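Each remark here refers to the structure printed beneath this line.
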Amino acid sequence: MLLAGFIRQHPELVKERLAFRNFKETGLVDEIVRLDDQRKKLQLESDTIQSKINAHSKEIGQLMAKGQKAEAEAQKQEVASLKNAQQPIGEALSDVETALNDTLIRLPNLPASIVPPGKTPDDNLTVREGGPKPTLPPGSAPHWDLAKKYNLIDFELGNKITGSGFPVYIGQGARLQRALIQYFLDYNTAAGYTEYMPPLMVNETSARGTGQLPDKEGQMYYVKEDNFYLIPTAEVPVTNIFRDEILKEQDLPLRMTAYTPCFRREAGSYGKDVRGLNRLHQFDKVEIVQLVSPDRSYETLDEMVTHVEKLLLSLELPYRILRLCAGDMGFTSALTYDFEVYSAAQEKWLEVSSVSNFESFQTNRMKIRYKDATGKTQLLHSLNGSSLALPRILACLLENHQTANGIRLPKSLHAYFGKDSL
RNA sequence: GGAGAGAUGGCAGAGCGGUCGAUUGCGGCAGUCUUGAAAACUGUUGAGGUGAAAGCCUCCGGGGGUUCGAAUCCCUCUCUCUCCGCCA
């Protein structure tokens with residue numbers, strides 16, 4: 001969440017940036033300033049009384065030691081009246097703090113200066129395109145037909161076992177999944193990312209830390225018995241590794257990568273958006289996360305974009321990089337680049353990675369900090385991206401590389417898959 | 001799931017209800033010594049709120065209670081360890 005101190009200092013700037021994001025309730029900004037004023041005032045009052053109580057209590061101890069019971073009793077009376085005066089102030093303070101926090105958590109991140117204006121995906125800015133554009137042979141098919149033809153994925157079987165959006169990968173299909181995961185992880189660790197295997201369920205505090213709660217409550221699978229959430233992305237457990245930590249400057253930057261299945265309820269999705277591998281309730285993804293000093297986060301974002309771009313190039317897929325407009329960005333992000341690959345048979349672009357800088361929005365919630373060169377403790381910046389999400393990559397590999405006698409695999413996968421085609 | 005023990009600063013580990021934000025050791029940082037390093041010695045070393053600063057306030061797993069006063073007593077939750085049960 002945003003820092004209350006920053007909002008106090010720049011209320012108009014905050015309102016302007018929130019409005020740019022098409023956030024309607026900019027009045028919350030004034031509300032926050034007002035609540036924070038109250039908080040300070042009440043805290044000062046309460047602390048002043050507490051200070052007196054502490055002094056009296058200390059004296060009572062000394063009087064008791066000297067056996068001056070009568071004087072001690074008099075002091076006790078004094079403390080009792082102070083506590084009476086403090087009680088309503090303390091209650092008001094606690095109410096104000098709760099209200100302040102509840103309000104702060106409703107504000108999305110401020111968009112970075114280079115975020116393009118706009119409200120819908122149509123307003124996103126195409127930064128660049130790359131990769132080979134295929135010319136499909138006659139009789140070419142969308143991936144759900146190819147998956148059936150080569151017996152790679154059984155969607156109906158998934159329906160039987162669980163429900164829609166839970167496909168079953170079979171034989172070469174399963175093997176290709178494994179090959180992609182292995183390839184992506186190796187690619188990331190070669191670039192200096194440390195591999196993690198985190199839990200697939202997280203507690204409420206972790207879900208709150210990365211901002212899934214309260215924003216996306218209904219989008220996560222929830223285990224009521226234990227109050228756990230199934231992770232919608234490895235970002236959640238991996239970023240939370242460093243929650244409540246104060247890191248040393250020489251430990252930075254921290255680079256993490258993790259393969260996990262991801263679980264999303266995708267309430268409200270329908271129609272051709274969910275056909276085949278386009279949108280699933282469970283899918284595999286390899287994620288990259290970085291924690292860096294604030295002055296380096298945008299440089300790091302560019303590095304991560306290049307990192308993902310090279311990975312896509314190695315898969316020989318046509319891609320484009322979009323800088324998301326203010327209205328299309330996620331709640332927690334300051335700047336996001338989406339990667340889309342072209343699904344040649346469907347003739348549509350599919351998002352396969354989303355690389356974002358959250359600045360201190362997440363680290364403020366999670367209290368991920370470091371000691372800078374001057375010894376001052378300050379918040380780190382967090383970034384993450386997919387490198388990469390598997391299903392749509394698989395869809396595009398199948399569609400774009402289909403030939404009359406099989407599906408050709410890009411060179412980068414030959415060793416991992418053990419064959420050059422399927 | 002049952003029985004018992006425990007949770008204190010980066011780590012280890014003290015702490016009679018009052019002067020404890022907390023003894024001590026290790027680690028970290030700075031200095032002395034040294035050509036340099038090591039060793040030794042000296043000092044220093046948690047976080048947050050408020051304030052220009054001095055200071056004041058809060059935090060000893062989380063929450064609640066008793067008390068003039070709680071790291072210390074009580075309740076509760078979570079977690080860890082030991083034993084038993086179940087089990088990949």
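Given the structure is predicted, the values throughout are model-derived calculations rather than measurements. We name chains A, B, ... by the order of the sequence lines, and we start the count at 1 in each one.
The side chain of A/Thr377 lies closest to B/G48, out of B/G48, B/G69, B/C56. For A/Arg39, taking side-chain heavy atoms from C-beta onward, the closest of the listed nucleotides B/C68, B/G49, B/C57 is B/G49. Set against B/G49, B/A47, B/C68, the side chain of A/Val79 has B/C68 as its closest nucleotide. For A/Arg369, whose side chain is taken as the heavy atoms from C-beta onward, the closest listed nucleotide among B/A47, B/G49, B/U58 is B/A47. Checking B/G69, B/C68, B/C56 against every side-chain atom of A/Ser51, the shortest atom distance belongs to B/C56. Comparing B/U58, B/A47, B/C68 against the side chain of A/Gln50 picks out B/U58 as the nearest. Considering only side-chain atoms of A/Asn54, the nucleotide from B/A47, B/C57, B/G69 that sits closest is B/C57. With B/G69, B/C68, B/G49 as the choices, the nucleotide that has an atom nearest any side-chain atom of A/Ile60 turns out to be B/C68. Of all nucleotides listed (B/G46, B/G49, B/G18), B/G46 comes nearest to the side chain of A/Lys371.
Using N1 to N3 plus N6-O4 or O6-N4 for Watson-Crick, or N1-O2 and O6-N3 for G-U wobble, each under 3.5 Å, B/U67 pairs with nothing. Base pairing of B/C20 is not made with any nucleotide, judged by Watson-Crick or G-U wobble geometry with both donor-acceptor distances under 3.5 Å. With a 3.5 Å ceiling on both atom-pair distances, B/C86 lacks any Watson-Crick or G-U wobble partner. Base pairing annotation: B/U80 forms a Watson-Crick or G-U wobble pair with B/A5, both donor-acceptor distances under 3.5 Å. Nucleotide B/G46 forms a Watson-Crick or G-U wobble pair with B/C59, both donor-acceptor distances falling under 3.5 Å. B/A53 is unpaired under the Watson-Crick or G-U wobble criterion, no partner having all donor-acceptor distances under 3.5 Å. Applying the Watson-Crick and G-U wobble criteria (two distances, each under 3.5 Å), B/A38 pairs with nothing in any strand.
As rounded to the nearest Å, B/G17 and B/G1 have C1' atoms that lie 38 Å from one another. The P atoms of B/C26 and B/U44 are separated by 16 Å, rounded to the nearest whole Å. Annotation: B/A70 and B/C16 have their C1' atoms spaced 13 Å apart (nearest Å). As rounded to the nearest Å, B/G63 and B/U72 have P atoms that lie 13 Å from one another. Taking the P atoms as reference points, B/G10 lies 29 Å from B/A5, given to the whole Å. B/C59 and B/G21: their P atoms are spaced 11 Å apart (whole Å). Nucleotides B/G15 and B/U8, compared at atom P, are 14 Å apart to the nearest Å. The P atoms of B/A22 and B/G9 are separated by 15 Å, rounded to the nearest whole Å.
For the pair A/Ile32 and A/Leu107, the minimum side-chain heavy-atom distance is below 4.5 Å. Between A/Leu311 and A/Leu388, some side-chain heavy-atom pair lies under the 4.5 Å cut-off.
Salt bridge status for A/Lys160 with A/Glu156: absent, with no side-chain N to carboxylate O gap under 4.0 Å. The existence of a salt bridge linking A/Lys148 and A/Asp145 is excluded, since no basic side-chain nitrogen approaches an acidic carboxylate oxygen closer than 4.0 Å.
As judged by a 4.0 angstrom heavy-atom cut-off over every strand, A/Ile246 is placed among residues touching the sugar-phosphate backbone only. The residue A/Gln75 sits apart from the nucleic acid: no heavy atom pair falls under 4.0 Å. Note on A/Lys83: only backbone sugar-phosphate atoms sit closer than 4.0 angstrom, heavy atoms only; bases stay farther off.
If you measure from atom NZ of A/Lys248 to atom C1' of B/G10, you get 7 Å, rounded to the nearest angstrom.
Between the OG1 atom of A/Thr336 and the CG atom of A/Leu383 there is a distance of 10.0 Å, given to the nearest 0.5 Å.
Applying the 4.0 Å criterion to OP1 and OP2 of B/G51, one finds that A/Lys40 has a side-chain N or O inside that range.
Annotation: A/Lys52, atom NZ; neighbour count of heavy atoms from other residues, nucleotides and ligands within 6.0 Å does not exceed 12.
Between A/His307 and the choices A/Tyr193, A/Tyr337, A/Phe184, the ring pair (Phe, Tyr, Trp, His ring centres under 6.0 Å) rule is met once, by A/Tyr193.
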